[in-house]
Amino acid sequence: MVEISSGQLAKLFDLPKPTIRHYVDEGLLTPKINETNGYQQFVERDIYKLYQIVFLRNIGFSIEAIKDMLKSDSVLPELKGSIASIDDEINKLKAIKNTVVAIIEETDDIKLNEIQFIEKENRILQKLPQTIVKNGAVDLLEAYELGYSHLDTFFFILDDNLIEMVYGFSEKGSEDKVLPKGIYACKNVEYLNDTQLEKEIASFLQDPLLEISKGNEIVIYENIYASLGFSDKQLVTLEVAL
């Protein structure tokens with residue numbers, strides 16, 4: 001029978017030695033004591049036991065829960081019960097990955113203070129409730145209460161009379177407005193204050209490159225994903241359909 005030391009067992013599982021000592025102190029591992037030198041010795045059964053402990057810890061079980069589980073003949077009931085929480089974690093990780101991809105895609109080719117011509121897909125929008133929009137801004141706490149998330153994009157759309165309406169994304173069939181697929185002139189600017197943003201909008205509309213889009217609505221939104229790609233910038237995107 002192969003016997004290994006606590007240091008070798010820790011190395012085998014890439015764990016700190018104090019972790020092995022902790023599991024011994026908690027009674028999860030029961031090594032033999034070498035009568036010659038007093039060192040702890042672990043056998044193959046301990047290796048399987050440690051794998052089980054590490055596996056259960058990775059699922060999210062506490063030390064106390066594992067101690068209770070290992071008192072019974074089988075841990076299958078707990079494993080079956082863990083599937084839903086594992087699925088939740090997978091979904092959370094997928095959402096995190098999607099956010100990371102969105103930040104990279106939005107930030108990779110961005111050019112600040114320059115007009116870029118970008119093809120956009122159909123965007124289906126719904127007017128925000130008046131309770132959310134206060135003094136020309138979105139009340140994020142009120143929006144959260146109504147089910148919007150902190151990563152939702154809110155569109156401020158000005159018509160040719162500069163009348164503003166505020167929209168959020170919607171499902172097809174419940175839309176109040178559609179920003180159609182096509183080429184949009186887009187300018188990303190750093191938001192500093194409302195006065196500066198108003199000047200940026202005026203400058204954007206007066207740009208000779210937008211001559212062919214006169215009379216079209218201007219779409220304004222905080223570019224949350226692009227902002228998250230910078231260490232300390234709040235970016236606003238200005239758009240006009242061509």
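Quick caveat, the model's predicted, so the values are computed rather than measured.
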Item to check | side chain to side chain contact (heavy atoms under 4.5 Å, CB included) assessment of K97 paired with V100 | outcome: CA-CA 5 Å; K97 179 184 176 181; V100 170; 5.6 Å; no

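- Linking ILVMFWY side-chain heavy atoms closer than 4.5 Å, directly or via other members, places I90 and F55 in a single hydrophobic cluster.
- Hydrophobic cluster membership differs between I118 and I115, with clusters built from Ile, Leu, Val, Met, Phe, Trp and Tyr side chains linked at under 4.5 angstrom.
- The existence of a salt bridge linking D46 and K49 is excluded, since no basic side-chain nitrogen approaches an acidic carboxylate oxygen closer than 4.0 Å.
- Remark: the backbone N or O of I4 is not paired with any side-chain donor or acceptor of Q8 at under 3.5 angstrom.
- Atom CD of Q40 sits about 10.0 Å away from atom OG of S5, to the nearest 0.5 Å.
- Note: L197 CG to L238 CG = 6.5 Å, rounded to the nearest 0.5 Å.
- Contact check for V219 versus Y167: no side-chain heavy atoms found under the 4.5 Å cut-off.
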Next on the checklist: Before you tell me yes or no, could you show the steps for V166 and I132 under side chain to side chain contact (heavy atoms under 4.5 Å, CB included), namely the whole-Å CA-CA distance, both residues' side-chain angles and the distance that decides it to 0.1 Å?
Outcome noted: CA-CA 10 Å; V166 187; I132 291 181; over 6 Å; no

Next on the checklist: Run the side chain to side chain contact (heavy atoms under 4.5 Å, CB included) test on F204 and V240 for me, step by step, so that the C-alpha distance in whole Å, both residues' side-chain angles and the decisive distance to 0.1 Å come before the verdict.
Outcome noted: CA-CA 9 Å; F204 179 62; V240 172; 3.5 Å; yes

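- Residue F169 qualifies as enclosed at atom CZ: its count of foreign heavy atoms under 6.0 Å is above 12.
- In this structure, OG1 on T131 lies 4.5 Å from CD on E142, to the nearest 0.5 angstrom.
- Pairing each heavy atom of A185 with each of F117, the nearest pair is CB-CE2, 3.9 Å.
- Remark: the E239 side chain and the Y221 side chain contain an N/O donor-acceptor pair separated by less than 3.5 Å.
- Here the closest non-hydrogen pair linking K17 and S6 is CE-OG, 4.0 Å.
- Scanning all heavy atoms of the two residues, the minimum distance from E200 to N113 falls at OE2-OD1, 4.3 Å.
- Put simply, the side chain of I218 does not reach to within 4.5 Å of the side chain of F156, judged on heavy atoms.
- Contact of the E106 side chain with the N223 side chain is registered, since non-hydrogen atoms from C-beta on lie closer than 4.5 Å.
- With contacts defined as side-chain heavy-atom distances shorter than 4.5 Å, the pair E190/L112 does not qualify.
- Around CG of D88, the count of heavy atoms belonging to other residues, nucleotides or ligands within 6.0 Å exceeds 12.
- At most 12 non-hydrogen atoms from other residues, nucleotides or ligands lie less than 6.0 angstrom from NZ of K127.
- With rounding to the nearest 0.5 Å, the separation of CD1 in I66 from CZ in F61 is 8.0 Å.
- The hydrophobic clustering, which links ILVMFWY residues whose side-chain heavy atoms are closer than 4.5 Å, places M165 and Y184 together.
- Side chain of S82 to main chain of L79: a donor-acceptor pair is present (N/O by atom type, distance under 3.5 Å, no hydrogens or angles).
- Residues L146 and P129 approach most closely at CD1-CG, 4.1 Å, considering heavy atoms.
- Put simply, I103 and V236 are part of two different groups of oily side chains (I, L, V, M, F, W, Y) that touch within less than 4.5 Å, one to the next.
- M69 places none of its side-chain heavy atoms less than 4.5 Å from the side chain of Q52.
- In plain terms, the two heavy atoms of A143 and V138 that are nearest each other are CB-CG1, 4.3 Å.
- Between L235 and I110, the closest side-chain pair of non-hydrogen atoms falls below 4.5 Å.
- To the nearest 0.5 angstrom, L179 atom CG is 4.5 Å from I157 atom CD1.
- Closest approach of L128 and G168 over heavy atoms only: CD2-N, 3.7 Å.
- Few gaps surround NZ on K67; more than 12 heavy atoms of other groups in view lie less than 6.0 Å from it.
- Between I47 and F42 there is no side-chain heavy-atom pair separated by less than 4.5 Å.
- Between the side chain of Y191 and the backbone N or O of D194 there is at least one donor-acceptor pair closer than 3.5 Å.
- Using cut-offs of 30° and 60° on the angle between ring planes, the pair F13 and Y51 is tilted.
- Side chain of D152 to main chain of S149: a donor-acceptor pair is present (N/O by atom type, distance under 3.5 Å, no hydrogens or angles).
- Residue E119 places its CD atom among more than 12 non-hydrogen atoms of other residues, nucleotides or ligands, all under 6.0 Å distant.
- I86 and I53 end up in the same hydrophobic cluster when Ile, Leu, Val, Met, Phe, Trp and Tyr side chains are linked at under 4.5 Å.
- Side-chain contact between R57 and I63: present, with at least one pair of heavy atoms (C-beta onward) separated by less than 4.5 Å.
- Note: I59 CD1 to E89 CD = 11.5 Å, rounded to the nearest 0.5 Å.
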Checklist entry - When you look at L125 and D176, which way does the side chain to side chain contact (heavy atoms under 4.5 Å, CB included) test go after all the steps? => result CA-CA 6 Å; L125 307 180; D176 293 316; over 6 Å; no

